Amino acid sequence: MTGMRLGEITGLQWGRVDLGANPEIAVGVAKTKGGTGRQIPIRQELAEELRHYRDWYVQRFGTVKPGWYLFAFGSPEPSNPEKGVT
């Protein structure tokens with residue numbers, strides 16, 4: 001729903017996700033022509049799913065920190081939010 005690259009998704013940290021009134025995701029500077037990064041607006045449906053996922057995440061890890069990865073490392077279940085999935 002965002003057009004993001006796989007590496008951008010798996011490396012996404014909570015500090016780059018804004019689920020406020022105008023939901024968007026900030027993508028890092030490495031992949032744009034000008035090196036400025038980009039803001040990706042996200043549809044309300046995806047924002048709602050991410051809010052539900054955030055609720056699960058808080059239950060799993062106790063909190064959400066900006067530097068933690070959305071898709072935390074661990075198998076069969078996520079266990080380390082300080083490291084992203086590979």
Side-chain angles (χ1 to χ4, degrees):
M1 293 179 96
T2 63
M4 292 172 65
R5 297 168 181 90
L6 178 60
E8 293 171 334
I9 294 169
T10 59
L12 189 60
Q13 295 172 309
W14 283 107
R16 295 187 172 272
V17 178
D18 179 356
L19 297 175
N22 297 306
E24 64 184 11
I25 297 172
V27 177
V29 299
K31 296 290 183 180
T32 61
K33 246 184 207 180
T36 60
R38 65 188 194 277
Q39 302 297 113
I40 300 173
I42 54 178
R43 295 171 40 176
Q44 288 298 328
E45 295 89 353
L46 177 56
E48 188 61 30
E49 289 299 321
L50 287 172
R51 288 182 191 103
H52 289 298
Y53 179 72
R54 183 182 56 197
D55 292 343
W56 171 87
Y57 197 96
V58 168
Q59 288 178 348
R60 177 80 179 153
F61 298 113
T63 190
V64 170
K65 294 185 180 179
W68 283 3
Y69 290 86
L70 263 72
F71 305 104
F73 179 80
S75 181
E77 291 188 19
S79 59
N80 183 0
E82 295 177 5
K83 182 177 178 184
V85 296
T86 54

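Since this is a predicted model, take the numbers as computed values, not measurements. Start at 1 with the first residue, then count along the sequence.
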Side chain to side chain, P81 and W14, heavy atoms closer than 4.5 Å: no

CE-CZ distance between M1 and R43, expressed to the nearest 0.5 angstrom: 3.5 Å

Separation of E8 CD from T2 OG1 (nearest 0.5 Å): 8.0 Å

For P78, all residues meeting side chain to side chain contact (heavy atoms under 4.5 Å, CB included), sequence neighbours excluded: W56, F61, A72

Backbone of G67 reached by a side-chain donor or acceptor of Q13 within 3.5 Å: yes

Spacing of CG belonging to L19 relative to CG belonging to L46, to within rounding of 0.5 Å: 8.5 Å

Single-linkage hydrophobic cluster, 4.5 Å side-chain cutoff, L6 and V85 together: no

hydrophobic_cluster_shared for L12 and V64, side chain cutoff 4.5 Å: yes

Residues in side chain to side chain contact (heavy atoms under 4.5 Å, CB included) contact with E49, at least two apart in sequence or another chain: none

Check: Y53 ring centre within less than 6.0 Å of F71 ring centre: yes

Distance in Å, R38 CZ paired with M4 CE, rounded so as to fall on 0.5 Å steps: 7.0 Å

L50 and I42, any side-chain heavy atoms less than 4.5 Å apart: yes

With sequence neighbours excluded, residues passing side-chain hydrogen bond (donor to acceptor under 3.5 Å, both in side chains) with E82: none

Nearest non-hydrogen partners of Y69 and T10, listed with the distance: CD2-O, 4.0 Å

Interatomic spacing from CG in N22 to CD in Q44 - rounded to 0.5 Å: 8.0 Å

Over 12 foreign heavy atoms within 6.0 Å of CZ, R51: yes

